[in-house]
Amino acid sequence: MNKTPILPRRPRWRSLAILAICLAPLLWPLQRLAERYYGSELASQNRQTLDLYVANLLGTLHRYETLPQILGDLPALRQTLATPASASTVDNANHLLKAIARQTGAEVMYLMDTNGLTLAASNWDHKDSFIARNFAFRPYFRDALAGQMGRFFGLGTTSAKRGYFFAAPVREGNQVIGVFVVKVDLDHTETLWGNTPEQLLLTDNNGVVILTSRPDWRFKATRALSDGERQSIAEVQPYPTRDPQPLHLDTGAWVTQTQSIGETGWDVSILAPRTLIDRPVRTVVAVGGATLLVLMLLLGLMMQRRRHYLDRINFDTKARHELEKRVIERTSALEGLNSRLKQEVLIREEAQQNLVQAQDELVQAGKLSVLGTMSASISHELNQPLAAIRSYAENAEVLLDHQRTDDARGNLKLINELTGRMASIIAHLRAFARRDHHAPESVALQPALDDALALLGKRRRAMAVELIRDVPDATLWVQAGETRLRQILGNLLANALDALTEKANPRCLWISAEQTADGINLSIRDNGPGFSSVALTRAREPFFTTKTRTQGLGLGLAICDTLIGALGGELILANHPQGGALLTLRLRAAAPGVNLQPPEDLSV
Ligand code: ADP
């Protein structure tokens, strides 16, 4: 058979990979889109934070902005400025300032004279009290002395705390007689920022970081300082250092938003780490990439499945064609074989016919040979009555000469009987010798037995013979001829009844049949006298009989034995241990069949 192997093709992963590479640039706009989205999200979030912080800071500053001006008019303070040497007045002012500072939340409040010397302060009782300290170098003092509102951010020279200073002149008419200062603590505003990844940065007008959530950025310059600025820093000392170091910020790592506070000249910036955008963007790109990959895989699988499907269809088509071809080949081979078989069947049938004929010839030859063997006995059997007939006839002639008609009639009667006996012998022999045109066939045993029993039924009942039958219901099929089997069974049953006539009641006849591995066994037993020892050895001989001349011809068992032998069976003669004869008929089993043949003509 010519079979084309279907090689499994490898999936086209290479083309898929190329497709994936072609589609990969699609991720770039996705990344840009995600960056823009998360960037704007972050910006709006930071904008809110920034606004909140600036509002909070301004709120804090505004709360104290007007305080120096208002409090500068307090009589206790004016009195202190008027009589700075009066301890009770100063003490009074100190207590008052301490109480107001506590109520307003200001870090320190203090009063200076026009030389910058602190006369009264809310922290008068502290270790680092401002009393008697001079802050004339601070710009806020100079501004206030000039009649303006002084504002200043700076690190407390004594407290080292960052604060915002509001200063206002204390006037007497048009003349400035002192300066009142309120310092607001800004340190705590840093602590409000919390521990978020975003960092806040507050730079003053020098660009120096004054408030930040990152201690390492504190007091660093975000831009280059001019000489003037450096000089001013050295003079007013707003920071712990006179030379602020530059702040090196990796601008790529931060997303910065800045808002200016005009009134202070400060800039508030919020710095969000770029990772806050990068991380979700990376996730989006990864998800996009994974989706693309899954799509690629699905596409690959679909392509593979489609190819498998096409391969399968191709394979099926080829297989179908192959099958059709084989069917055609096989059909033609079968047709050839069929015609050969038909021819062989014809030859077999012819051979069968020849065989049947040969078998028939053989049986016939066997029968004729038996008859040949029997011929001496037959001629003897026939000559005897013939001689007697001749003798009776001659004697009758003499008797008629002597007018003894009655005696002559007696002789004629005897002659008649003898001719009847001779006719009977000849009829049996003719029936035996007749050609049987049928080869052994499947014959049902039970119906043949029923027929044979029915024929003898009247006589059996007259003799009151009890029939004990042990034959299975299922039909037993034997190899025989329908008529021959009936003839055999009839002979054997007749012999049994003959034997039972010699016995008084009870008379019993047992019939049993069984299927064995070798064939079918049929047993016929009677409780008559049984075979005499001579009869047991000679009963099969033709013309052997123990019955009276008129009763028995001695041909029954001889004929039965020959017929059974021709059927491949066997007849066993024996006596039963409990008395009576036991005849066993062994026949070959046959395949179940239907016997449609009409009974053979038994007439002779
Ligand atoms: P016939 O019946 O004419 O005598 P058979 O050949 O049938 O001839 O029988 C031969 C002999 O075998 C009988 O004469 C008889 O002695 C003996 N025989 C046959 N059947 C039985 C039987 N059932 N019981 C006793 N003897 C039997």
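Please read these numbers as outputs of a predicted model, since none were measured by experiment. When a ligand or atom number is given, it counts from 1 through the structure's own listing order.
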Got a second to check how far Gln479's CD is from Ile520's CD1, nearest 0.5 Å? 10.5 Å
Have a look at Ser532, Ala581, Gly580, Gly554 and point out the one with the heavy atom closest to atom 1 (P) of ligand 1. Gly554
Which of the listed options, Asp526, Thr545, Leu555, Asn491, holds the heavy atom that is closest to atom 4 (O) of ligand 1? Thr545
Answer yes or no for Pro529: is there a heavy-atom contact with ligand 1 below 4.0 Å? no
Value for CG (Asn527) from CD1 (Ile468), rounded to nearest 0.5 Å, stands at 8.0 Å
Output the list of atoms in ligand 1 that are nearer than 4.0 Å to some heavy atom of Asn495, sorted by atom number. 2 (O), 7 (O), 19 (C), 20 (N), 23 (N)
Please tell me if the side chains of Pro197 and Leu276 come closer than 4.5 Å, counting only heavy atoms from C-beta onward. yes
Going by atom types only, do Arg340 and Gln343 share a side-chain donor-acceptor pair under 3.5 Å? no
Nearest heavy atom to atom 15 (C) of ligand 1: which of Leu536, Thr546, Leu500, Leu492 does it belong to? Thr546
Quick one: does Lys547 get an N or O within less than 3.5 Å of an N or O on ligand 1? yes
Does Glu324, at its CD atom, have more than 12 non-hydrogen atoms belonging to other residues, nucleotides or ligands within less than 6.0 Å? yes
